[in-house]
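Whatever order the structure lists ligands and atoms in, that order sets their numbers, starting from 1.
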Amino acid sequence: MNDAEFSAKYGPWALVTGASSGIGRAFAELLGAKKINLVLTARRAGELEQLASRLAAAHAIQTKVCVADLADAAAPAQLLAATADLDIGLLVSNAGFGMKGPHAGNDPQAMADMVMVNCTAPMLLTHGFIPRLGARGKGGMILVSSVEGLFPCPNSLGYSSTKAFAAFLGEGLWAELKGAGIDVLTLLPGATNTEAPIKQGYDVSKLTNVMQPEEVARLALDNIENGPTLVSSAHYKAIFDKLLSMPRADALKAMASQAH
Ligand SMILES: NC(=O)c1ccc[n+]([C@@H]2O[C@H](COP(=O)([O-])OP(=O)(O)OC[C@H]3O[C@@H](n4cnc5c(N)ncnc54)[C@H](OP(=O)(O)O)[C@@H]3O)[C@@H](O)[C@H]2O)c1
């Protein structure tokens, strides 16, 4: 699909959550280059304003910044209201965060916030956009999950569970909206060089098989019509395909042996 065809189907506006850094910012940059007008949302107003100005000037597009904390239960409805007058053809539900370590050691408030951002927000935003995209008869949604959503990952259990939720939601929506002209792609990245691994205490220079956010976002946009799912990393796809091909109890035992 060339940029004009992409814009005709998924433009003239897109909403990108988690646009202030990493994969979300990469989505915004690539969509801007395709001349799609952008609603950018996250908590950090400064990063969003800077990105919005830069993309508006570089690509002669319109941009709108909506600062929102998706851990706040009211935020999805506020975003839907703030964008009600825009013809949005693409929702990129990307905002998310994780935490590592044994489940018992994680902070309860942070876990509750993680469920709001990684599960409740995509649930309510997709719900809000179905009638809007349905009325257009064309458009798309990209839900960013993780390879950790494919199988329970010890020492990352809360996050892994939220990403399983996102993958279920995205795959189910793909099936439900198939006849409505709305393309739904669930993106399952492996390790990607963003702020996320740094916030979780990793030294990114020591990680192997790490992809750049631009590659991940580009793969998703290139494959938006090829749902239901896209695992962006061949390395992680091979690992999780192997686990998923095993009897579940054996795969869980293999995971347990890695965890201890
Ligand atoms: N990097 C990886 O290795 C990897 C692997 C698999 C999946 N993923 C997924 O990819 C997505 C993007 O993550 P990333 O790797 O690009 O990480 P990132 O650079 O940390 O970006 C996360 C984005 O989510 C936003 N966000 C976080 N908490 C939020 C909140 N409470 N309210 C609103 N926005 C919030 C952040 O914006 P503010 O801080 O400005 O609010 C930021 O824009 C996430 O869903 C993540 O789980 C990442």
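- The closest non-hydrogen atom to atom 45 (O) of ligand 1, taken over N118, N94, V144, comes from N94.
- Between K35 and D3, no side-chain nitrogen of the basic residue sits less than 4.0 Å from a carboxylate oxygen of the acidic one, so the salt-bridge criterion is not met.
- The distance from ligand 1 to the heavy atoms of A42 drops below 4.0 Å at these ligand atoms: 34 (N), 37 (O), 38 (P), 40 (O), 41 (O).
- Counting atoms of ligand 1 from 1 in the listed order, those under 4.0 Å from a heavy atom of K199 are 20 (O).
- The shortest side-chain heavy-atom distance between L169 and T186 does not fall under the 4.5 Å cut-off.
- A donor-acceptor pair shorter than 3.5 Å can be found between the side chains of S156 and K100.
- Counting non-hydrogen atoms of other residues, nucleotides and ligands closer than 6.0 Å to CZ of R132 gives a total above 12.
- Within ligand 1, the atoms closer than 4.0 Å to a non-hydrogen atom of D69 are 30 (C), 31 (N), 32 (N), numbered from 1 in the order shown.
- Each of the following atoms of ligand 1 lies closer than 4.0 Å to a heavy atom of G22: 16 (O), 19 (O).
- In this structure, Q258 contributes its side chain and M255 its backbone to no donor-acceptor pair below 3.5 Å.
- At under 3.5 Å, a nitrogen or oxygen of I23, whether backbone or side chain, sits near a nitrogen or oxygen of ligand 1.
- None of N223, L188, L219 except one satisfies the side-chain contact (heavy atoms from CB on, under 4.5 Å) rule with S232; the exception is L219.
- The contact set between ligand 1 and A19, taken as ligand atoms under 4.0 Å from a residue heavy atom, comprises 43 (O).
- With respect to the salt-bridge test (charged N to carboxylate O, under 4.0 angstrom), the residues R25 and E47 do not qualify.
- At a 4.0 Å cut-off, not a single heavy atom of R25 sits close enough to ligand 1 to count as contact.
- Counting only distance, with no hydrogens or angles, the side chain of S160 and the backbone of F151 share a donor-acceptor pair below 3.5 Å.
- Taking a 4.0 Å cut-off on heavy atoms, S145 registers as neighbouring ligand 1.
- Using a 4.0 Å cut-off to heavy atoms of Y159, the atoms of ligand 1 that qualify are 6 (C), 7 (C), 8 (N), 9 (C), 46 (C), 47 (O).
- Taking all heavy atoms of G190, A191, S232, S146 into account, the minimum distance to atom 5 (C) of ligand 1 is reached by G190.
- Where the criterion is an N or O separation shorter than 3.5 Å, residue side chain and backbone included, F97 fails it with respect to ligand 1.
- A donor-acceptor pair is defined here as one N or O able to donate and one able to accept, closer than 3.5 Å; no such pair exists between the side chain of R44 and the backbone of G46.
- Within the structure, the closest approach of E47 to ligand 1 does not fall below 4.0 Å when heavy atoms are considered.
- Side-chain atoms of N94 come within 3.5 Å of backbone atoms of G18 as a donor-acceptor pair (strictly under, hydrogens ignored).
- Close contacts between ligand 1 and G18 involve ligand atoms 23 (C), 24 (O), 25 (C), 42 (C), 43 (O) [criterion: under 4.0 Å to a heavy atom].
- When each atom of ligand 1 is checked for a heavy atom of A68 under 4.0 Å away, the hits are 32 (N), 33 (C).
- Of the options P197, A196, S20, the smallest heavy-atom separation from atom 38 (P) of ligand 1 is shown by S20.
- Of all the heavy atoms of V117, the ones lying under 4.0 Å from any atom of ligand 1 belong exclusively to the side chain.
- The side chain of K163, and not its backbone, has at least one atom closer than 4.0 Å to an atom of ligand 1 (non-hydrogen atoms only; side chain from C-beta on).
- Within a 6.0 Å radius of CD in Q212, more than 12 heavy atoms belonging to other residues, nucleotides or ligands are found.
- At the shortest separation from atom 27 (C) of ligand 1 among protein heavy atoms lies R43 NH2, 3.7 Å.
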